[in-house]
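Reading through the structure tokens given below for one structure.
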2 protein chains.
Amino acid sequence: MSIETDIKQNKFRSAYQRLALNLVYTSNWLEYKQLEIFKHYDITSQQYNVLRILRGQQMNPIKVSDITERMLDRNSNTSRLVDKLLAKNLAKRTSCPNDRRAVDVVITEEGLQLLTEIDPFVNAWEERFNIITPEEADTISGLLDKLRESDQ
Amino acid sequence: MSIETDIKQNKFRSAYQRLALNLVYTSNWLEYKQLEIFKHYDITSQQYNVLRILRGQQMNPIKVSDITERMLDRNSNTSRLVDKLLAKNLAKRTSCPNDRRAVDVVITEEGLQLLTEIDPFVNAWEERFNIITPEEADTISGLLDKLRESDQ
DNA sequence: GATTAATAGATGTTATGACATTAAATGTAG
DNA sequence: CTACATTTAATGTCATAACATCTATTAATC
């Protein structure tokens with residue numbers, strides 16, 4: 001369904017306005033769809049995002065501030081997000097030897113296992129994207145990168 | 001800056017995964033940038049979204065449920081959003097003659113005025129999008145529409 | 001026409017987000 | 001070394017989001 005039909009608006013000021021609305025609308029749609037997967041595992045999108053970052057570290061400890069830098073939504077309160085993961089034994093926290101202000105975070109076996117359970121569903125979900133070609137996906141990615149460059 | 005650099009991840013499972021992450025990241029960036037405009041006027045993105053929908057109605061009353069349908073983020077609690085606008089005299093609420101369950105909402109002069117004040121800033125912001133061509137913007141929009149079609 | 005289902009919107013509750021502040025550790029300049 | 005600024009993470013507070021429930025009204029079914 002076109003964005004026009006979806007939000008019942010048939011006139012836009014410009015192609016740029018339509019794109020801006022479509023971006024936000026599509027992103028909300030995407031996050032909502034992923035949330036439907038995650039909620040079976042009692043985690044939020046943000047918690048999943050942190051877990052993925054931790055797994056990406058390959059068991060190397062990572063500081064809270066570094067997690068924040070890698071997050072999709074940087075306004076999140078990373079400290080409290082990590083608290084949630086700790087409470088579920090999905091991550092563990094140790095003090096950083098080099099810098100006693102910092103805190104090192106590592107994913108646990110339990111956390112890795114949870115991601116392994118979720119992976120097939122996320123993969124299946126992403127595979128539905130092949131309604132467009134990989135080249136088209138790359139084209140969009142490249143143009144989005146360019147859009148954000150207009151910022152300073 | 002490429003999404004790779006932005007979230008410090010240099011490998012993606014597929015072009016589709018990169019696109020999914022880029023979409024969410026870019027949408028957050030976009031919403032954050034708009035918020036910077038709106039906060040000078042003491043409204044949130046959601047409240048702005050509702051005001052725009054009301055203005056689009058050209059003074060014709062619109063039901064709360066219809067506002068929800070047109071919103072970019074439909075998980076919002078429209079009822080309470082309208083409350084906020086009422087409290088600021090940006091909208092008014094009358095009971096709907098045809099259906100006593102429903103509530104008609106209309107933008108006030110004050111609401112229209114506020115949008116008029118904000119317009120130039122939003123327009124200027126959107127004009128920076130011309131770092132890509134209108135054709136490219138349309139291409140992305142079309143592909144995003146297609147992506148959402150994969151949903152059922 | 002009575003009964004049940006569906007719809008519209010408001011409200012209660014809990015969790016999360018946004019933003020400021022704090023505390024501790026580290027870095028830096030005199 | 002001392003004083004001050006900066007960094008890192010945690011916490012406090014308030015607003016909003018998420019989700020369920022409730023009330024009033026309308027629609028549908030028997």
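So you know, we letter chains A, B, ... as the sequences are listed, proteins then strands, and number each from 1. The basis for the numbers below is simple: all heavy atoms, side chains too, and nothing from hydrogens, waters or symmetry mates. Fair warning: this is a prediction, and the values are worked out from it, not measured in the lab.
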Legend entry - Span of DNA chain C in contact with chain A (heavy atoms, under 4.0 Å): C:dT16 to C:dT26
Inset, instruction - Not counting sequence neighbours, which residues clear side chain to side chain donor-acceptor pair (under 3.5 Å) with A:N22? List them please. - result: A:T26, B:D145, B:R148
Inset, instruction - Check whether any side-chain N or O of B:D73 sits under 3.5 Å from a backbone N or O of A:N28 as a donor-acceptor pair, and report yes or no. - result: no
Inset, instruction - Can you sort out the partners of B:N130 under side chain to side chain donor-acceptor pair (under 3.5 Å), two or more places apart, ordered by chain and number? - result: none
Legend entry - Sugar-phosphate or base contact per nucleotide [nucleotides 6-16 of chain D; S, B, -; heavy atom under 4.0 Å]: -BSSBBBB--S
Legend entry - Contacts of A:T5 that satisfy side-chain contact (heavy atoms from CB on, under 4.5 Å) - sequence neighbours left out: A:M1, A:S2
Inset, instruction - Would you mind listing every ring-ring contact (aromatic ring centres under 6.0 Å, His included) that reaches into residues 43-82 of chain A, with sequence neighbours excluded? - result: A:F38-A:Y48
Inset, instruction - Sorted by first residue and then second, give each salt bridge (charged side-chain N to carboxylate O under 4.0 Å, His left out) pair with at least one member in residues 11-22 of chain B; sequence neighbours left out. - result: A:E126-B:R13, A:D138-B:R18, B:E4-B:R18
Inset, instruction - State which residues pass side-chain contact (heavy atoms from CB on, under 4.5 Å) with B:N89; sequence neighbours excluded, sorted by chain then number. - result: B:E110
Legend entry - Results of side chain to side chain donor-acceptor pair (under 3.5 Å) for B:Q47 - residues two or more places apart only: B:K88
Inset, instruction - Only pairs at least two apart or in different chains count here, so list each salt bridge (charged side-chain N to carboxylate O under 4.0 Å, His left out) that has a residue in residues 95-109 of chain B. - result: B:D99-B:R101
Legend entry - Relative orientation of the end axes in the helix from C:dG1-D:dC30 to C:dG30-D:dC1, expressed as an angle to the nearest 10° (five pairs per end): 20°
Inset, instruction - Under the side-chain contact (heavy atoms from CB on, under 4.5 Å) rule, collect the residues that match up with A:L86, sequence neighbours excluded. - result: A:V82, A:D83, A:R93
